[in-house]
Each structure stands twice: as C-alpha cells, then as structure tokens.
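Side chains are part of it too, since the values below use all heavy atoms of this structure and drop only hydrogens, waters and symmetry mates.
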Amino acid sequence: PIDHLLTMIDARLQTVRTVGDAGLSEAQLDGVERLAHRLARSDTWTTQPMTLIHGDLTPVNILAESDRSLVIIDLGNVRHGFALEDLARLWTSVWEIAQTTAWRRRWLGSAMEVLIAGVGQPHAVIDSEPFTFLRLWNGVTRLHEAATSARRYRPPAAKLHRALLIHHIRYLRALAAEGDARRRAA
C-alpha cells in the first residue's frame with residue numbers, strides 16, 4: 001500500500017510540474033518528493049495496522065444528526081488501507097478550514113487536539129513519520145486538484161481554488177523544510 005501511495009505522489013507531482021501552476025519552485029517540489037520517499041522508507045510502516053478505511057473522510061462527509069450522532073456518507077472510496085489514513089485526511093481537511101481565518105485557527109486548533117484524542121491516538125502521532133507521510137499525501141493531492149482544476153472554474157470558484165492552493169503551497173513548503181531540517185540533523 002505504501003508503494004502505491006508513493007507512486008501516486010510521484011505521478012501527481014509530475015502532473016503539477018507539467019501544468020506549471022504549482023506555486024512551488026522546482027527545488028521545493030523536489031524537496032517534497034525527497035521527503036515523501038524518505039518517509040516511505042521508514043521502518044515504522046511495519047507497525048501500522050491495516051484496516052477497512054473510508055478513504056475520503058472529510059468534514060463534508062460527516063453529517064451530524066439532531067441527536068448528536070454522526071453519519072458517515074460517500075462510501076465510494078472505501079478500501080483496505082492504513083488505519084491512520086482516515087485520521088490524516090480528516091486532520092488535513094480541518095487544517096485547511098483552520099487556515100481561512102484567524103478565529104478559525106484558534107478555535108479549530110483545539111478541535112484538532114480533541115479529534116486526535118477522540119480516535120484514541122496519542123498526540124505524538126501527528127509527529128510520526130507515517131502520519132507526516134499521509135499529511136504530505138493529502139497535501140499533494142489537494143495541490144494537484146487545485147492546480148489541474150483551477151483553469152476549468154470561473155470566478156468565484158477559481159478564487160476559492162487559488163486560495164486553497166496558496167494554503168497547500170505553504171503547507172507543503174513547511175513539510176519540505178521540516179524534512180530537509182530532519183535530514184540535515186541526522
């Protein structure tokens with residue numbers, strides 16, 4: 001499964017390079033790619049449980065009922081995968097929303113902590129190599145979607161895609177810089 005995700009990252013980065021609307025320099029794209037390959041080689045993948053996952057667990061696919069129960073919808077991407085994948089996808093989606101305004105960053109920052117604790121994961125999971133890889137996977141996927149679809153949309157949808165692209169550029173730059181710093185320290 002990790003090889004499949006790594007192949008998808010490479011293909012999506014290549015498409016982003018071809019489209020030329022990445023907002024990242026070639027060196028930054030190379031840094032993201034190097035980080036993905038380094039994280040994919042981590043020994044910690046062998047300890048990651050595999051299970052049936054949703055595959056696209058985002059706030060849009062979670063409905064709250066009046067009795068406060070939650071309903072998960074859009075089961076088109078259900079598959080066997082790493083248990084952390086759904087958490088990383090949901091975490092990345094909440095992160096996207098949090099980047100839109102200062103008050104959302106403050107409010108959702110604590111919500112993200114509750115989310116991680118709510119699924120029974122220690123806070124340290126967000127610093128683990130598998131979780132970082134899955135965050136990177138989600139960031140590259142959103143960057144790819146924004147870069148390849150922005151041309152098809154008319155304003156204001158194009159403005160929204162551009163805004164999300166800018167957030168993902170910052171996100172991927174930070175991940176690449178973090179990966180380079182870890183590599184230099186090792």
Side-chain angles (χ1 to χ4, degrees), residues 1-42 44-45 48 50 53-61 73-100 126 128-183:
I2 192 63
D3 293 334
H4 174 70
L5 292 176
L6 188 58
T7 300
M8 294 294 292
I9 285 175
D10 289 342
R12 288 177 179 178
L13 286 173
Q14 184 55 45
T15 300
V16 166
R17 284 180 168 106
T18 303
V19 170
D21 192 19
L24 294 169
S25 70
E26 193 64 31
Q28 289 168 325
L29 288 170
D30 289 343
V32 168
E33 193 168 23
R34 276 192 312 276
L35 178 60
H37 282 262
R38 184 183 66 74
L39 293 170
R41 290 189 307 268
S42 171
T44 56
W45 285 105
Q48 295 304 309
M50 301 286 287
I53 64 169
H54 183 275
D56 189 26
L57 193 60
T58 64
V60 173
N61 290 331
I73 62 169
D74 188 8
L75 303 175
N77 292 319
V78 170
R79 61 184 167 77
H80 197 249
F82 293 104
L84 273 181
E85 284 185 68
D86 280 340
L87 176 60
R89 178 70 182 106
L90 186 56
W91 192 90
T92 304
S93 297
V94 171
W95 177 88
E96 288 174 0
I97 296 165
Q99 298 310 303
T100 57
I126 64 172
S128 71
E129 289 181 331
F131 195 78
T132 302
F133 177 88
L134 295 168
R135 285 172 40 213
L136 185 133
W137 155 248
N138 283 299
V140 167
T141 299
R142 299 301 154 244
L143 179 71
H144 176 266
E145 288 173 357
T148 58
S149 64
R151 296 169 190 217
R152 293 185 298 215
Y153 291 105
R154 296 190 173 102
K159 281 180 144 179
L160 174 62
H161 274 275
R162 196 75 194 147
L164 286 176
L165 178 61
I166 289 166
H167 292 303
H168 283 292
I169 289 167
R170 290 179 187 150
Y171 180 61
L172 290 173
R173 281 180 184 160
L175 280 177
E178 176 185 308
D180 286 342
R182 285 184 183 177
R183 187 175 41 104

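Listed here is the closest heavy atom pair of Ala88 and Arg135: CB-N, 4.4 Å. The shortest non-hydrogen separation linking Glu33 to Asp10 is OE2-OD1, 3.2 Å. When all heavy atoms of Ser128 and Leu84 are compared, the closest pair comes out as OG-CD1, 4.5 Å.
Residues satisfying the side chain to side chain donor-acceptor pair (under 3.5 Å) test with Thr141, not counting sequence neighbours, are Arg12. Applying the salt bridge (charged side-chain N to carboxylate O under 4.0 Å, His left out) test to Asp56 and every residue at least two apart in sequence or in another chain returns Arg89. When the side chain to side chain contact (heavy atoms under 4.5 Å, CB included) test is applied to Pro59, the partners found at least two apart in sequence or on another chain are Leu90, Ser93, Val94, Ile97. Partners of Ala11 under the side chain to side chain contact (heavy atoms under 4.5 Å, CB included) rule, at least two apart in sequence or in another chain, do not exist in this structure. By the side chain to side chain contact (heavy atoms under 4.5 Å, CB included) test, Thr7 is found to be paired with no residue, residues two or more places apart in sequence or in another chain being considered.
Atom CG in Asn61 sits 8.5 Å away from atom CG in Asn77 (nearest 0.5 Å). Between atom CH2 of residue Trp91 and atom CG of residue Leu134 there is a gap of 12.0 Å, rounded to the nearest 0.5 Å. Here CD of Gln14 is found 6.0 Å from CZ of Arg17. Values are rounded to the nearest 0.5 Å. Atom CG in Leu13 sits 10.5 Å away from atom OG1 in Thr18 (nearest 0.5 Å).
Sorted by first and then second residue, the salt bridge (Lys or Arg N to Asp or Glu O under 4.0 Å) pairs with a member in residues 74-84 read Arg79-Glu85; sequence neighbours excluded.
The local environment of NE2 in His4 is sparse, with at most 12 non-hydrogen atoms from other residues, nucleotides or ligands closer than 6.0 Å.
You'll find the side chain of Thr92 stays beyond 4.5 Å of the side chain of Trp137, heavy atoms only. Side-chain contact between Leu75 and His54 is present, with at least one heavy-atom pair separated by less than 4.5 Å.
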What do the steps show when you test Leu6 against His37 for side chain to side chain contact (heavy atoms under 4.5 Å, CB included), and what is the final call? CA-CA 7 Å; Leu6 188 58; His37 282 262; 3.6 Å; yes
One pair to check against side chain to side chain contact (heavy atoms under 4.5 Å, CB included): Phe133 and Ile9. What are the steps and the verdict? CA-CA 10 Å; Phe133 177 88; Ile9 285 175; 3.7 Å; yes
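For the side-chain contact (heavy atoms from CB on, under 4.5 Å) with Glu129, the lone residue among Gln48, Arg38, Arg41 that qualifies is Arg38.
Note on ring orientation: taking the six-membered ring where Trp is involved, the planes of Trp45 and Phe82 are tilted (angle from 30° to 60°).
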